[in-house]
Amino acid sequence: MNLQPDSIAVAGSGHWMVREQYTKATQGTNIERPEKQYVYNIGIYGWRKRCLYLFVLLLLIILVVNFALTIWILKVMWFSPSGMGHLRVTSEGLRLEGESEFLYPLYAKEIHSRVDDSLLLHSSQNITVNARNSDGHITGRLTVGPNAIETHGQQFQINSANGKMLFSVDEHEVLVGTDKLRVTGPQGALFEHSVETPLVRADSSKQLRLESPTRSLSIDAPKGVHIKAQAGNIEVLSQQDIKLQSSDGMLVLDAETVRLPKLSLPTPPSDSRRNSGSSQELYEICVCPDGKLYLSVAGYGSTCQEYSRHCQ
């Protein structure tokens, strides 16, 4: 048996490859050699190849452009391992240096400035600070507008640096925790309802005036009311009546002189004789059963009975 190689040429990717084909032959047999086979070209040629190269070139251009844009964005936004621009990521949170503008709501647990600088908040319309509970409902709101400052909540409280309550407001009462409340307005303070305080005092150079223009003025205290003017007068003016009433005690007028200038001088009755010991310079103060005061000409004895017509 003889093996005779036959050569077959195969074209692949533009190169010719030679493959030997062995044919089994025995002595005494005539084996015809195979005829020359056709050669087929395997690969991408022509316009397909040019389109492939053009597509690969386009991908390379897009890759270079994207890489250049990424480098430009990193440069413009000041990206760094510690943050972006003036925004720094620290172990305590985010640190923002310089002026910043927020176009949408900002949610944060705590906002504070640097140690050596103050915190400034600017807005062309208003600044609103909301506090929400775990359900997302607003429990407190502080709004700083161009014309007013509004706060909504169950309680509003102002404390001092050492934690002392200075001012507190809730639905039921207003508390002032300072040692002194001072009103410097020219019209004073206007209260629509009652005021509870242990002391009402004016400045040393100013007058203290308690006034109710259209209603009554009431001063109540369980252990007494003390009114004192150290270097001036005390005046009580009324359109109608002034009542001094003591339920269990007495009324004491302790002064060197007690004057009643509005009491009219008495006119002696025509049917009575004047006491010979009377003096036109002395008068007697008499009291009617209803408490009205009147004057009578003083004499050796009481003359109130002679002038009792004032009680009628």
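Everything quoted here is computed from the prediction, not taken from an experiment.
Asp290 pairs by the side chain to side chain contact (heavy atoms under 4.5 Å, CB included) definition with Cys288, Lys292, not counting sequence neighbours. Partners of Arg48 under the side chain to side chain contact (heavy atoms under 4.5 Å, CB included) rule, at least two apart in sequence or in another chain, are Ile44. Taking the side chain to side chain contact (heavy atoms under 4.5 Å, CB included) definition, one finds that Ile234 meets it with Ile227, Ala229, sequence neighbours left out. Residues passing the side-chain hydrogen bond (donor to acceptor under 3.5 Å, both in side chains) test with Asn162 are Ser160, sequence neighbours excluded. For Thr151, there are no side-chain hydrogen bond (donor to acceptor under 3.5 Å, both in side chains) partners two or more places apart in sequence or in a different chain. Scored by the side chain to side chain contact (heavy atoms under 4.5 Å, CB included) test, Lys75 finds no partners at all (sequence neighbours excluded).
Leu293 CG to Cys286 SG: the interatomic distance, rounded to the nearest 0.5 Å, is 9.0 Å. Atom CD1 in Ile127 sits 9.0 Å away from atom CG in Leu142 (nearest 0.5 Å).
Taking all atoms of both residues into account, the shortest heavy-atom contact from Glu284 to Gly301 is OE1-O, 4.3 Å. A pairwise comparison of heavy atoms in Ser123 and Asn126 identifies OG-O, 2.8 Å as the closest pair.
For the pair Tyr283 (side chain) and Tyr294 (backbone), a donor-acceptor distance under 3.5 Å is absent.
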Atom pairs and distances, side-chain donor-acceptor, residues 49-74, under 3.5 Å, sequence neighbours left out:
{"residue": "Asn66", "atom": "ND2", "partner": "Ile62", "partner atom": "O", "Å": "3.3"}
{"residue": "Thr70", "atom": "OG1", "partner": "Asn66", "partner atom": "O", "Å": "2.8"}

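Within a 6.0 Å sphere centred on CD of Gln125, heavy atoms belonging to other residues, nucleotides or ligands number 12 at most. Within 6.0 Å of CD on Glu173 lie more than 12 heavy atoms contributed by other residues, nucleotides or ligands. Counting non-hydrogen atoms of other residues, nucleotides and ligands closer than 6.0 Å to CD1 of Ile285 gives a total of 12 or fewer.
Residue Trp47 belongs to no hydrophobic cluster, having no ILVMFWY side-chain heavy atom closer than 4.5 Å to its own. Clustering of Ile, Leu, Val, Met, Phe, Trp and Tyr side chains at separations under 4.5 Å places Leu175 together with Met165.
For the residue pair Ser296 / Glu306, no side-chain donor-acceptor distance below 3.5 Å is found, with atom types taken as modelled.
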Go through Phe167 and Asn159 one step at a time and tell me if the side chain to side chain contact (heavy atoms under 4.5 Å, CB included) criterion holds. CA-CA 7 Å; Phe167 184 79; Asn159 297 331; over 6 Å; no
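Applying the salt bridge (Lys or Arg N to Asp or Glu O under 4.0 Å) test to residues at least two apart or on different chains, the pairs with a partner in residues 144-171 are Lys164-Asp179. Sorted by first and then second residue, the pairs that involve residues 135-146 and meet side-chain hydrogen bond (donor to acceptor under 3.5 Å, both in side chains), not counting sequence neighbours, are Asn130-Arg141.
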